[in-house]
**Q** 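Just passing along the structure, written as structure tokens.
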Amino acid sequence: MQRTSKIIQVIIRVVMLVVAIGMIVVAGTMTGLHMANKNIEKTTLTGKIVTGDEGLREVQYNFQDKKLQNRPLDTYFRSLGSVGDSITVYVENSHPERIFISNHGDSLLETAGFMVGWGLLLGVILIGERQLMTRIKVLEAKVEESESE
């Protein structure tokens, strides 16, 4: 039983570490996406919120006499609004399928900050747990040593 609990603890630690590293990597990717798109020339349009094929809310808009429907690239943890509402979107001129809800894609940085914060928090929890377990083992060894004398 003790061996099983140690295996489960190791698995949980590894999963937490992978999630923490993944969140930090995703945050770096989002920051890079923001940096790549913040100064690109965009056109301001008004679109209508609709439900997409995958059940996610998307924005339907007209760009150069074409009717397009896409999910903004800078909405991850943010609600677009209710279906049927109008929303201002910023369409990249050279790639009209790429839309943003802010001119510089600032919500990408907000999401990246959120991801880095949680990734670092998981890392701190793992380090603290490791320190605590090490100190408990040292104390247990000292108790066993004093009992054997």
Side-chain angles (χ1 to χ4, degrees), residues 1-42 45 47-61 68-149:
M1 181 67 179
Q2 193 174 21
R3 180 176 162 90
T4 305
S5 66
K6 286 192 183 250
I7 292 172
I8 291 172
Q9 287 175 355
V10 168
I11 290 171
I12 290 172
R13 289 180 190 133
V14 169
V15 168
M16 283 179 65
L17 180 64
V18 168
V19 168
I21 291 170
M23 290 179 96
I24 292 171
V25 168
V26 167
T29 303
M30 287 181 179
T31 303
L33 186 62
H34 166 75
M35 297 303 284
N37 291 303
K38 72 177 184 176
N39 294 324
I40 292 176
E41 193 174 322
K42 299 175 188 84
L45 297 173
K48 181 180 177 183
I49 298 173
V50 296
T51 303
D53 294 337
E54 298 172 5
L56 296 172
R57 294 202 172 131
E58 296 181 346
V59 179
Q60 193 174 63
Y61 56 98
L68 299 167
Q69 179 178 321
N70 287 303
R71 180 152 176 85
L73 294 174
D74 56 346
T75 56
Y76 289 95
F77 299 108
R78 188 175 277 191
S79 173
L80 286 177
S82 300
V83 173
D85 289 350
S86 293
I87 186 172
T88 301
V89 291
Y90 300 88
V91 181
E92 186 178 326
N93 293 340
S94 57
H95 299 282
E97 69 279 355
R98 298 181 67 183
I99 61 173
F100 301 87
I101 58 170
S102 65
N103 192 23
H104 298 294
D106 294 332
S107 60
L108 286 169
L109 285 182
E110 293 169 10
T111 304
F114 173 79
M115 299 287 264
V116 163
W118 279 103
L120 291 175
L121 180 63
L122 284 175
V124 167
I125 289 170
L126 282 170
I127 291 169
E129 187 263 348
R130 176 74 175 155
Q131 290 291 324
L132 180 64
M133 296 307 287
T134 302
R135 290 179 188 202
I136 288 173
K137 286 180 184 175
V138 168
L139 288 174
E140 286 175 348
K142 285 183 179 180
V143 167
E144 286 178 10
E145 183 179 298
S146 67
E147 287 176 355
S148 64
E149 291 178 353

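Nothing fancy with the numbering, it's 1 onward along the sequence.
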**Q** Would you kindly check if the NZ (Lys) or CZ (Arg) of Lys48 is within the cone defined by 45 degrees around the ring axis of Tyr61 and under 6.0 Å from the six-membered ring centre?
**A** no
**Q** Would you mind reporting whether Thr51 and Glu58 have side-chain heavy atoms less than 4.5 Å apart?
**A** no
**Q** To the nearest 0.5 Å, tell me how far Ile101 CD1 sits from Leu108 CG.
**A** 9.0 Å
**Q** Rounded to the nearest 0.5 Å, how far does CG of Leu121 lie from CG of Leu126?
**A** 10.0 Å
**Q** Identify which one of Val10, Ile12, Ile11, Leu17 satisfies the side-chain contact (heavy atoms from CB on, under 4.5 Å) criterion when paired with Val14.
**A** Val10
**Q** Between the side chain of Asn70 and the main-chain N/O of Glu97, is any donor-acceptor distance below 3.5 Å?
**A** yes
**Q** Going from CD1 on Ile40 to NZ on Lys42, what distance comes out if it is rounded to the nearest 0.5 angstrom?
**A** 6.0 Å
**Q** Less than 3.5 Å apart, which donor and acceptor atoms pair up between the side chains of residues 19-33 and the rest of the protein, not counting sequence neighbours?
**A**
{"residue": "Thr29", "atom": "OG1", "partner": "Val25", "partner atom": "O", "Å": "3.0"}
{"residue": "Thr31", "atom": "OG1", "partner": "Ala27", "partner atom": "O", "Å": "2.9"}

**Q** Rounded to the nearest 0.5 Å, how far does CG of Leu68 lie from CD of Gln60?
**A** 9.5 Å
**Q** Any luck finding a side-chain donor-acceptor pair between Ser94 and Glu92 under 3.5 Å?
**A** yes
**Q** Roughly how far, to the nearest 0.5 Å, is CE of Met115 from CG of Leu120?
**A** 12.0 Å
**Q** To the nearest 0.5 Å, how far apart are CZ in Arg57 and CG in Asp85?
**A** 8.5 Å
**Q** In a check of side-chain contact (heavy atoms from CB on, under 4.5 Å) between Ile99 and each of Leu45, Val91, Ile87, which one passes?
**A** Val91
**Q** Would you check if there is a donor-acceptor pair between the side chains of Asn93 and Glu41 at a distance under 3.5 Å?
**A** yes
